Amino acid sequence: MKTLTYREAVREAMREEMRKNEYIFLMGQDVGPYGGEHRVSGDLHSEFGEWRVKDAPISEQGIIGCALGASITGCRAIAEIPFMDFIMLPMDQICNQIAKYLYTFGGQASVPLVIRTAMGGYIRAAEQHSQCLEAWFIHIPGLKVVIPSTPYDVKGLLKTAIRDNNPVIFVEHKYLYGMKGEIPEEEYTIPLGVADIKKEGNDVSVIATSYMVHKALNVANKLEKEGISVEVVDPRTLVPLDKETILKSVEKTSRAIIVHEAPLRGGIGGEIAAIIADEGFEYLDAPIKRIGAKDAPIPFPSVLEDFILPSEVGIEKTIKELL
Amino acid sequence: MKTLTYREAVREAMREEMRKNEYIFLMGQDVGPYGGEHRVSGDLHSEFGEWRVKDAPISEQGIIGCALGASITGCRAIAEIPFMDFIMLPMDQICNQIAKYLYTFGGQASVPLVIRTAMGGYIRAAEQHSQCLEAWFIHIPGLKVVIPSTPYDVKGLLKTAIRDNNPVIFVEHKYLYGMKGEIPEEEYTIPLGVADIKKEGNDVSVIATSYMVHKALNVANKLEKEGISVEVVDPRTLVPLDKETILKSVEKTSRAIIVHEAPLRGGIGGEIAAIIADEGFEYLDAPIKRIGAKDAPIPFPSVLEDFILPSEVGIEKTIKELL
Amino acid sequence: MNNIKLNKELILSLYETMLKIRLFEKTQERVFKTEQEGFTHVYTGEEAIAAGVCANLNKDDYITSTHRGHGHMIAKGGNMKKMMAELYGRLTGYCKGKSGSLHIADFSIGVLGANGIVGAGIPIATGAGYSIKLRGTSQVVACFFGDGAVTQGTFHEGVNMAAAWNLPVIYVIENNLYMVGTKTERVCKVCKNYAVKAQGYGMPGEDIDGNDVIEVYTATKKAVERARSGKGPALLNCMTYRHSTHFVGDLDVRDKQEIEYWKARDPIKRIEEKMLKEKIITEDKIKSCRDKIQGMVDEAVEFARKSPVPKPEVALEDVFVE
Amino acid sequence: MNNIKLNKELILSLYETMLKIRLFEKTQERVFKTEQEGFTHVYTGEEAIAAGVCANLNKDDYITSTHRGHGHMIAKGGNMKKMMAELYGRLTGYCKGKSGSLHIADFSIGVLGANGIVGAGIPIATGAGYSIKLRGTSQVVACFFGDGAVTQGTFHEGVNMAAAWNLPVIYVIENNLYMVGTKTERVCKVCKNYAVKAQGYGMPGEDIDGNDVIEVYTATKKAVERARSGKGPALLNCMTYRHSTHFVGDLDVRDKQEIEYWKARDPIKRIEEKMLKEKIITEDKIKSCRDKIQGMVDEAVEFARKSPVPKPEVALEDVFVE
Ligand SMILES: Cc1ncc(C[n+]2csc(CCOP(=O)(O)OP(=O)(O)O)c2C)c(N)n1
Ligand SMILES: Cc1ncc(C[n+]2csc(CCOP(=O)(O)OP(=O)(O)O)c2C)c(N)n1
Ligand SMILES: [Mg+2]
Ligand SMILES: [Mg+2]
C-alpha cells in the first residue's frame, strides 16, 4: 500500500493507461506544461509530449467536439473541463453528439472517451465555479456517469472508465483533490455499477456521493458513539446505478436519506428516492429524506457558502429526526 | 369564448403583451417574415417590424446572451429556441448567466425575459429534434419553469411569464401546436405556481405534464367507463411547483403515478416522487410509480419512436397494476 | 493531371457522381411525400460541391456531413440501397432504420455522420484531423457545412484549433445564401465572401463558384495536397443555391427571379453543356447515363420498400456497446 | 479636442484613473492573502486599457467586464469602498458580499457585471447594444475581454450579430498574450494581430499599443463616435501584459526576460515620463497624487474591514425578485 492524494490517484490512473495505449490523449486548458488548473495533469506533458497532453484554447465546444472526432477515428480521448460549471458550454457536444453517436448511427461507431470534470464547492469560488451538475447527465441515455469519493475509488474507476468503449462523464471533486488515501502498489480497477458500503449500520441508510460521503461518514462515526448505527452507501457510479445495493441497505434499515451537494430540487436525490419509493416501498418505515444545497446559487464567503451547502450538522439533524 | 390552436394562443399572448409594452421584442431564427420554424410568430413581424421581431443567426449563445443583455438594460426579451434539443447550446448563458444575474450582483438587476422553446416527440423527428429537457432547468436556482398543456393554459401562462420580472423557461410542445381549445374573448392571465386538476378522481392521482396530460386524460376517460376513477393533476409550472395541490390529491387517492415524456431516469418524475415520498409518505397505500421515455435516444420511425415514448397503453397498464 | 485541364475520365466521373445525387434526390423528393416519415432535406442544386470535393478523397479519408447530407454520402461512395432503406426507416438501412434522412453515416468509407445540429460537425471534423496527426497517417478530413453554420460558435472554435495545430481538415462551406427561411445576409454582414474569415484564423481561404464542379475539384485538390503534406487546413467557400425548399414540403420564401437566376446556373446543366461542347460526351450518352443511374435509384427504392421494418425492440439497441 | 494632442486635464485624468487602478490592485494583492477568501485576479500592467476606453464613456454608457475586472469598475467610476467591501465579502459590498472579486457590478453607472465564464460577457454586451437600438438612445457599450476569450464561440456569435445589425458596441481585447498558464500563440495562430478578424465580420478593427493610454484613448474615441452615430461596432486589439500571475498566488510560468521586457513598458511609467517631459506634471505632483490615491484605497480597506459580515440568511436573498 502507498498513500496518494485524490489528485495523484487521478494522475496515476491516466499515466498507467496512457503508457499502455499510445492513442490515448488528454486535452484541456492548461493541462500541458502548466500542469492543469487543479494541478492534476502535473508532469504528464513532460512524459507524453505535446500531442498526447494537449493545451487547448478556451473553446469548450471545440475541446469536446475534438475529443469526439478523435475517439471515433481510432483514438481514445480524455478531455478535462476543470470546473464543472464550464460544462454548460459543450452540452450539445456531450448530450446531442457524444451520447447519441453509437445509437444514431445504428451501432457503427463507439465513442470511447472520458470527460473528466471537477465539481463542488466549499472552496469559496462563488456562483460560477462551485456547481455540481451530475444530475443533468444521468438524464441523457448513452452516457455513463461516475462520481468517486476517495483516492482508491478514483484511481480504480478512472482506469475502468478509460478502458470503457462508451462515453463516461467522470466527476471529480475540487475539495477532494488534496485528500489522502491508501492505494495498492499493484494495478487494480473497479467496475462501473458497483456501489460501495463505506460503513455498515442498521438504523438508517445514508446514500451519499462524492465529498458528501465523507460528511456522512463523519456524522455516522459521531452518532455511533451515541448508539445510532448509520449505514453509508456510496453508489460511486450513477449510470449504471447499483440499485440492488441501495435497496438491500434500505431493506435492512427501513430508513433512507440521500445526500448530495447539488441543489436539492432536480438533483440525483429525486431519482434515488423515486427508485426506493417504488421498488423499496414495502421496506420503508419512514418518509424518505433528501439533503442537498438550499435553493440559491452558491455565494463565495464561507459564512454564506456554508449556509447554502449541506453540512454535517444538517445531516445529523435529519438522521435524528427520522429515527 | 373562441377556439384557437395552441400555436395561435402563444402568438396571441405575445401580440397582446407586445402591444402594451414597446420594449418587448422577440428574437430567434426565422421568427421574422418566414413566420417561425413552427409558424408560431406568424404575422408578428409585419405588425411589429424588424427590431421587435428579429431574425437571428444560427447562434444560440448569441441569441440568449443578447436577450439577457437587452433585458438588463430596459427591454424585455422573448427568445425562441424552436427545438428544445438546441437549448444545449446556450446552457451557459441560461444557467450560469441569466439564472444567476440577479443573485450574483446582489439584487442590482432583474432579468425579465422569457425563453420560449418547444419540446417533444411523436413527430418522427429523430434523436436531435425530439427531446424534453425541462428537468435540467428545475435544478438551477433562479429560473422559473412553465410547461403548459392546453391552448387556454399556454396563453394565460405566457402572458404572466412575459410580465414576470424573473427569467422564465417556457416549454411548449411541438405536438400540441395544432391542438384546438377554448379561449375567453376577454383578457386573462394564469398565475405561476398553481396546478390544475384536469380531471377529478378518487382512486389514483396521475400527475402529468404537457402532452402527457392529454394521454392521461384519454386513459382516465376510458377507465371511468370501467369504474376506475383517475384524478389527473397538471402542475403547469415546475418552478414554482404547486406541491400542495399534488399532495392533497395523493392524500385523497393514496396512490400516485407521475407521467412525463422525458427519459425516466433523471426526469422531473423523480423530483415529484421524492416530494410525495417525503411529505406525503403517510398518505401512500402503494409504491409511487413513474412513467417516462425508455432508456434510449429517440429514433425516428413511428414503430420505434412509439415504443420508446410513453403510451396510453402503458399508462393504463400501470394504473391497473397499482390498484 | 494538370491544374485546369482535367482528363476526360475524371470529368465523366464527376458528372456521374453529380447525376447520382440529382436523381437520388429527385426520387427522394417524390417518394418521401407518400412513403416516408419524418423530415428530409435534399441537395439538388448543390451537387458540384460534394462531387468536386470528394473526388479528391481516398476511401479512408473522412468527411463530416450535415442535415442536407445525402449528396455527401453518395459522393464519398455510399451505398444507395442502404441510404434509401434508412430514409424509409428499414432495418437494412445504414442506421438500422433508426435515424432517417437527418442522420446517415458510413464509417466503413469514412463518413463520420450527418448531423441535425447546425455546426456541430465542425469540431468533430477537427477532432478527426487531430486523430490523424496523433496516429501519424496521411489521411485528410473534408468538413461540409452551410453558410448558416458559419454563424455558430462551433465554427469558430473548430476552425481555430485546426489552424493553430495545422490539422489536415478542409472546411467546405456550401453557401446557398439561406438558412431555412432567412437570407443569411440579414444576420451576417460578410457572408458571400466568407474566405476573408480564413485570414483571421491564419489559414488559406478561397471563394469559389460552387456550381462549377471543375473549380470545386481543383480548389479542393490544392487544399487536400496542402493538408496531406502537413501544412494545415483550408477554408473553401462554395457559392451555390438549393433548387428545393429548405426541407421537402416547406414553404419557399425566396424571390422568383433569384431562383431563376440560379437555376440557369444549374451545375449539372453546366457540366453537360461543357462536355457536349468539348465533345467529351454525346446527347445519347447523357441519356443512357441518366437511365442507368435512375435504374440504380429505382432499385434502391425497391430494396427499401421490400426491406423489413425494425422490431420495436431495436429501439433499445446501441445505447451502449460492450 | 484634436486627435493626437490631448489637453492637459484629460491626460492628468487618464493618469489618475490608471493610478487608482494600480494602487487599488497593489493593495488588493497584499490584503487578499491574509484577509480575504476565494480567488482574485488583478489588473496591474493593463491599466491603460480600462482608463483609455472608459474616458470616452458617459455615465449611462455600458460596459461588460471579466474575471480581471477591478480596473474596468474603477475606470467607469466605481466606488472603491463598495468594491473593497465586496472583495472582503461584506454586506456593504456591491453585491452584499455574496460574490467577491470575480463578480462586481454597478448598474447605476452602467457596469453590467464582471463574469467568471470566459467570453460570456460578449453576447451580453451585444444585447445591451441591441437594447440601445431598440430604445433609440445614443448610448454605447464597451465590452472588455481577454485574448483567450477570443477563442470562445461566444466571441464569434456576439460580434457577428453586432456587426450584422450595426449595434453600438466597442469590443476591446485586452491582449496580454496568456490564458492562465498557456501562451495564446500555442492555441491560436493569429493572436497578436487580432484586428484582422474584424474584417471577417465586416467591421473596423485596429491593433493598438494597449500600454499607451493615449493611443487607447484616441482609438476608442474614433470607435465610440462611429458607434454613437449609428455606424456600428468596432474591434480594438490592445496589446498589453499583466504584471501579476494569473490569479494572486498562482505560479508564474512566464519567461523572465519577457516579464522584464514588458515591465519596461509599464503603462504608468510611460505616461509619467511623458508628462514629466512635456511638463504636464512634476515629480512632486506625482508623489502627492500617489499619496492621495493611496489614501483613498486605504480608506476603502478600512471601510471594508469595519463593515459587517452578512448574516447567513442573506444567502437566500435575490434568487427571485418580486
Ligand atoms: C443548432 C441548431 N440551430 C437551429 C437549427 C434549425 N435549422 C436546421 S437547418 C437550419 C439552417 C441551416 O442553414 P445552413 O447552415 O446554411 O444550411 P442549409 O440548410 O442552407 O444547407 C436551421 C436554422 C438546427 N438544426 N440546429
Ligand atoms: C468558459 C471558461 N473556461 C475556462 C475558464 C478558466 N479560466 C479563467 S481565466 C482563463 C484565462 C482567460 O484568458 P484571457 O481571456 O486572455 O484573460 P486574462 O486572464 O489573460 O486576462 C481561463 C481559461 C473560465 N473561467 N471560463
Ligand atoms: Mg445555407
Ligand atoms: Mg489573456
Side-chain angles (χ1 to χ4, degrees), chain C residues 117-124 126 129-130 145 147-167 169 171 173 175 179 182-207 231-235 237, chain D residues 117-124 126 129-130 145 147-167 169 171 173 175 179 182-207 231-235 237:
Chain C
I117 304 298
V118 171
I122 302 173
I124 300 172
T126 302
Y130 192 87
F145 51 94
D147 49 316
V150 175
T151 65
Q152 272 286 9
T154 45
F155 165 81
H156 180 66
E157 297 188 8
V159 165
N160 176 61
M161 289 164 85
W165 303 332
N166 289 328
L167 304 182
V169 188
Y171 296 96
I173 308 176
N175 195 331
M179 19 199 295
T182 298
K183 224 168 174 162
T184 303
E185 66 188 22
R186 281 167 55 78
V187 299
C188 201
K189 194 158 263 174
V190 172
C191 59
K192 283 170 194 153
N193 50 330
Y194 268 141
V196 61
K197 284 189 183 284
Q199 288 171 44
Y201 300 100
M203 67 180 191
E206 220 176 313
D207 291 319
K231 299 209 186 83
L235 182 72
N237 175 44
Chain D
I117 303 298
V118 171
I122 301 172
I124 301 173
T126 301
Y130 193 88
F145 52 93
D147 48 317
V150 174
T151 64
Q152 272 285 11
T154 46
F155 165 82
H156 180 67
E157 297 187 9
V159 165
N160 177 60
M161 288 164 85
W165 302 332
N166 290 328
L167 305 181
V169 189
Y171 297 96
I173 307 177
N175 194 332
M179 21 200 292
T182 298
K183 225 169 171 160
T184 304
E185 65 188 22
R186 281 167 55 76
V187 298
C188 203
K189 195 156 260 173
V190 172
C191 60
K192 283 169 192 154
N193 50 329
Y194 269 140
V196 61
K197 284 188 183 286
Q199 288 171 44
Y201 300 101
M203 65 180 191
E206 221 176 309
D207 292 318
K231 299 209 186 81
L235 182 73
N237 175 43

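Computed from a prediction, not measured in an experiment: that's the story for all the values here. Side-chain atoms are counted along with the backbone in the values below, which use heavy atoms only and exclude waters and symmetry mates. To find a chain, count down the sequence lines: A is the first, B the second, and so on, and within it residues start at 1.
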Checklist entry - Can any side-chain N or O of Trp165(D) pair as donor or acceptor with the backbone N or O of Cys188(C) at less than 3.5 Å? => result no
Item to check | His156(D) side chain to Thr154(C) backbone, donor-acceptor under 3.5 Å | outcome: no
Item to check | Spacing of Lys197(D) atom NZ and Gln199(C) atom CD [to the nearest 0.5 Å] | outcome: 11.0 Å
Next on the checklist: For chain D, which candidate among Gly202(C), Gly158(C), Cys191(C) shows the most heavy-atom pairs at distances under 4.5 Å?
Outcome noted: Gly202(C)
Checklist outcome for this item: With chain D, the option among Met203(C), Met161(C), Gln152(C), Glu185(C) that has the most non-hydrogen atom pairs under 4.5 Å is Gln152(C)
Checklist outcome for this item: Cut-off 4.5 Å, heavy atoms of chain D, and the answer for Phe155(C) is side chain
Item to check | Residues Lys189(C), Asn160(D); criterion side-chain hydrogen bond (donor to acceptor under 3.5 Å, both in side chains); working and verdict | outcome: CA-CA 8 Å; Lys189(C) 194 158 263 174; Asn160(D) 177 60; over 6 Å; no
Next on the checklist: Which one wins on heavy-atom pair count under 4.5 Å against chain C: Val196(D), Thr151(D), Asn166(D)?
Outcome noted: Thr151(D)
